[in-house]
Each structure stands twice: as C-alpha cells, then as structure tokens.
Protein chains: 2
Amino acid sequence: MSGDGTADGGGHGSSHGSGHGTGHGRGPGSGLSRPTVSRLPGYLRALAALARAGTVRVSSTDLARHTGVSPAVLRRDLSSLGQLGRRGVGYPVAALQQAISRALGLVEDQPVVLVGAGHLGSALAGYTGFGERGMRVCAVLDADPGLAGQRRGSVVVRPLEELEGSVAESEARLAIMAVPAGVAQSVADRLVAAGIRGLLNFAPVDLVVPRGVTVRAVDLSTELQILAFHQAELRQ
Amino acid sequence: MSGDGTADGGGHGSSHGSGHGTGHGRGPGSGLSRPTVSRLPGYLRALAALARAGTVRVSSTDLARHTGVSPAVLRRDLSSLGQLGRRGVGYPVAALQQAISRALGLVEDQPVVLVGAGHLGSALAGYTGFGERGMRVCAVLDADPGLAGQRRGSVVVRPLEELEGSVAESEARLAIMAVPAGVAQSVADRLVAAGIRGLLNFAPVDLVVPRGVTVRAVDLSTELQILAFHQAELRQ
DNA sequence: TAGATTGTTAATCGATTAACAATC
DNA sequence: TAGATTGTTAATCGATTAACAATC
C-alpha cells in the first residue's frame, strides 16, 4: 500500500495515509506534483521490464497500458521532467529510465536502516527489490536481545541500543520501521534525532514528526478495509 | 502504502497504485468519494484508541489532530455518512465507530485467503490487526510442498492446488497475495476465477483483472522511492 | 443567554481529460 | 509526403478550504 503524508506544509502535526496521496500541493523544490511523483516509480518498474525484454523505444500508449494510467496522464507526467520523447517516434527506454531515476533523486547504493527483525522485518531485509532500485539495507536492529547476531538478508541483527550508532556510521537518511505499535513513536523519535529524514512506517500508528521529515505509512488493516469497502459496494 | 486502483470505470485494464488514490470518481453504490473512503480507516483507528482511553465524545478538531487531516475535511467526510454529531457538543465515539464500520461494509469475521507463506506471508498470517477489524485469515496456501502442514498464525499451510477449494469452502471474497512477481498474475487469475472480488497485492507487478474486481497494490520499492524523492528534495 | 461546534455553502485550487498543433 | 506521436492548451471535473448559519 502506499501511503503518503509529508510533514511539510500546512500545520497538521501528524502524518497519515497509505501510500495514496492525501492532500494537494507541490513539493518545495521541483515542479513535480504529488500524484506525478507517486506514479513515477510505476513507470520505472514497467520500463525495467521493457529494457529486460530488449525494447529500446516505447510510445506513451504502450507504456500507459503497462502501468494502468491513461496515455494523457503519462505524457503530462513525462513532459514535466523535460523533453524526453520525439514526436512521431516515442520515448527511448534507457533515457527515460535515467531521467525518472534522476527526478526521483535515486542515487546508487542508498543506505536504509531497518528497525524490527520479526517476520515483517525479515521479509523486508530479504526483499531483493530494494537492491534493484539502488537501496541497500545497511543495518537491522531489534529490541529482542535474543535476535542479536542472527542474519537477516545479508546483515546481522544488532541490539536496539546501537540505533544511533548505526545511523551515524552508515549516514543513512531513510529508515523502515517494522516494530509494534506501542514502541513506534519512540523509535521514530530516536531515528529522527539520529538524522533520519524519511520514514516508512508499518506500525498502525500515526507518527508525529518534525517538519522536514517525511513519513509514509503502510497499514495493512487499512488496505484490507478499503478493499472490503469496494467489495461490499459491488454487492449492493 | 495505500494503493488504489479499481478496475471499475474508465477502461484502462490494469490497476496500479500504492494505497494512494489515483484517479477521481465515486464508487457506483454509495455517495462516498474515494479520498473519503481512504481516510475512514484512519478515523476508525483513532476512535478505537479514544474508546480504549474511555473517551465518549470527541470534537472534529480533536479527532482531526489524531488523524492528521484538517477539521474541515473530517467534518465533511463524517457528514457524508449522515448526521452523526451534535452542534455545540461533538461526536459520540461509539456511534461514530459503528457508523464508519457500517459505511465501510465491515462485517464480523470476514474470511480472507492468503497466498504465499514466505516471510511476508508469515508476517501477514500472524498480524493481529486483522482480527481486531473483523477480518480473519481462513487459509494460507503455498506452492512449496515442503511448507504444507506447517502452522502460520492459527491456520495450517495448504498446497497451492487447494486454492480453488479453499476459496469455495470459506466463501472468501478477499485475498492477499504475497507471492513472487513471476507467478502473481497466474495466481490472481485463479483467485478471481474462484470467486475472489478484492485483491491486496504485494508483488511488484501490475495485475490485470476483470471489471468488478478491485486490486490494491502495496509495492515496497515504490514506497521507498517516493520517500527518497522527498528526502532528496529537501537537500536541494 | 453565551459559548461551542456541527453541517453546509461558496470559493479556490489542482488534477485529469480531450483535443490538436507541432514535429518527427 | 503521409502517418504517427509528442507536448501543450483549454475545458472539465472533483477535492479542499474557508466561512458561517444553524443549533446544541
């Protein structure tokens, strides 16, 4: 699920969402609207599949089909990144991948700290999709001392006390929280104090963070409830 | 992440999103807008916390603070469910919980089929949040015969061949997919053919489903990429 | 009564859509 | 040239916001 919620503008303290874009407005720096930003990763995913298949050029109609948006939305999104296509021809796949990656600020080997080594944390630590997109889980922390020393993915679980040290030495700016709801806020506070600027939160809690810190929330129950709504609606 | 994407109206075949609301429009049945539906679960969560704390009445300003939306949005959302508050007084917590649950079509003990018993599937099977919200994982299936018979949460893993039978006997209409990208579409096809009408997809693939079936996508890489964008934007 | 708070209206804002001129 | 496809404009649509009358 995608949530969203940026503790940037208006003044409401906490962040909330499920990957969907709540609210309007543009980020301060770039000229990309929030909906556009939320769609770019999907384009990147479809482009990677095309590149693997050896496709070098793609039209907005084709790419739109692969990403579930309309061709008009796709062209508008891409044109906001610059003049990437050629009329009558289409878009070059490789150049498009590069342009989107640059627009998203994806840098090679971005370190990410993961807090929580339970089932969910373990799943996240072993998720290969991060590596393919330039992200690397550089540390896994857990409050349970019994887990310290165990492997998760390619890293070894460390005790929670080493949170600040892990953030400092890796210079990570992004963190993933797969911890129980009860400790989520305090973990978030520590992460932010240590220098983290983006949080992906799986705990069913609305985190309160200072301005300048972005929270995206993934709440599994919320997702299922929205799904249940659509399903119930169809029954009527 | 909340994704969204309903294969209802417009015509673009696949669904895409991450819990965020892409697109506009209202569901066919109720008079609830998509953004409203996506916010209701958050209200329910905040209300549950208030109820646990013994609060019986809450104002839109207070509840808004707990959910990260503006009071105006909250009042508008709630008024679309009916006249639930009293001017000068506020909203009764218990009645609000009931009204939102009813609006979301939450019924007691809604069965959900889970496909995939890896780390992520195990985390989902053990997630207690579902039970608290009237959902129950009634079956866990996995293609790996070695996992059959093992416990996940309170149910026993069954071989993938029993997918159709599991859906039929449980009469489930919702399913969660925690399977590899390569098999996601074929699993989705089988689930839909068996009668599933709502899919929560964790595989990084845009599923193509018939109209009348809702897909919500949770793509962890997408979430992190959006987070990276916000973080990079702040650096400029 | 006076203060508080909802429900709703009107205004603003932003995103999507459709259409098409520009251009390969 | 003729066909195809982008980039962009104008129109439509829907959501948010602010303000306030109704009402407890």
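Here is how names work: the chains are called A, B, and so on, in the same order as the sequence lines, proteins then strands, and each is numbered from 1.
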Rounding to a whole Å, what distance do you find between B:R76:CZ and C:dA10:P?
12 Å
Under 3.5 Å, which donor-acceptor pairs do the side chains of residues 174-189 of chain A form with other protein atoms, sequence neighbours left out?
{"from": "A:Q185", "atom 1": "OE1", "to": "A:V208", "atom 2": "N", "distance (Å)": "3.0"}
{"from": "A:Q185", "atom 1": "NE2", "to": "A:D189", "atom 2": "OD1", "distance (Å)": "2.9"}
{"from": "A:Q185", "atom 1": "NE2", "to": "A:V208", "atom 2": "O", "distance (Å)": "3.0"}
{"from": "A:S186", "atom 1": "OG", "to": "A:V183", "atom 2": "O", "distance (Å)": "3.1"}

Let me have DNA chain D in dot-bracket notation, would you? Count Watson-Crick plus G-U wobble pairs, both distances under 3.5 Å, and use [ ] for pairs crossing earlier ones and | for inter-strand partners.
..||||||||||||||||||||||
Quick one: list whatever passes side-chain hydrogen bond (donor to acceptor under 3.5 Å, both in side chains) with A:R75, sequence neighbours left out.
A:S60
Nearest whole angstrom, please: distance from the C1' of D:dC24 to the CZ of B:R57.
11 Å
Applying side-chain hydrogen bond (donor to acceptor under 3.5 Å, both in side chains), name anything that partners A:D62, two or more places apart in sequence or on another chain.
A:R65
More than 12 heavy atoms from other groups under 6.0 Å of CZ on B:R57:
no
Using whole Å, what does the distance between atom C1' of nucleotide D:dG7 and atom CG of A:D77 come to?
13 Å
Rounded off to whole Å, could you give me the CG-to-P distance for the A:L78 and D:dT8 pair?
12 Å
Let me know the distance between CD of A:Q83 and C1' of D:dT8, rounded to the nearest Å.
10 Å
Among A:V112, A:V115, A:V167, whose side-chain contact (heavy atoms from CB on, under 4.5 Å) with A:I196 holds?
A:V167
Qualifying side chain to side chain donor-acceptor pair (under 3.5 Å) pairs with a residue from residues 82-106 of chain A, counting only residues at least two apart or across chains:
none
Measure from CZ on B:R39 to P on D:dG14 and round the result to the nearest Å.
16 Å
Partners passing side-chain hydrogen bond (donor to acceptor under 3.5 Å, both in side chains) against B:T36 (at least two apart in sequence or in another chain):
B:S33, B:D77
Could you tell me the separation between the CG atom of B:L74 and the C1' atom of C:dG7, rounded to a whole number of Å?
12 Å
Under 4.0 Å between any heavy atoms, over every strand shown, what does B:L84 touch: base, sugar-phosphate, or nothing? Just pick one.
sugar-phosphate
Show each protein N/O and nucleotides 3-5 of chain C N/O combination with a separation under 3.5 Å, one pair to a line.
{"from": "C:dT5", "atom 1": "O4'", "to": "B:G88", "atom 2": "N", "distance (Å)": "3.1"}
{"from": "C:dT5", "atom 1": "O2", "to": "B:G88", "atom 2": "N", "distance (Å)": "3.1"}

Go through the structure and list residues passing side-chain hydrogen bond (donor to acceptor under 3.5 Å, both in side chains) with B:S221, not counting sequence neighbours.
none
Those residues that, when tested against B:R136, pass salt bridge (charged side-chain N to carboxylate O under 4.0 Å, His left out) (two or more places apart)
B:D109
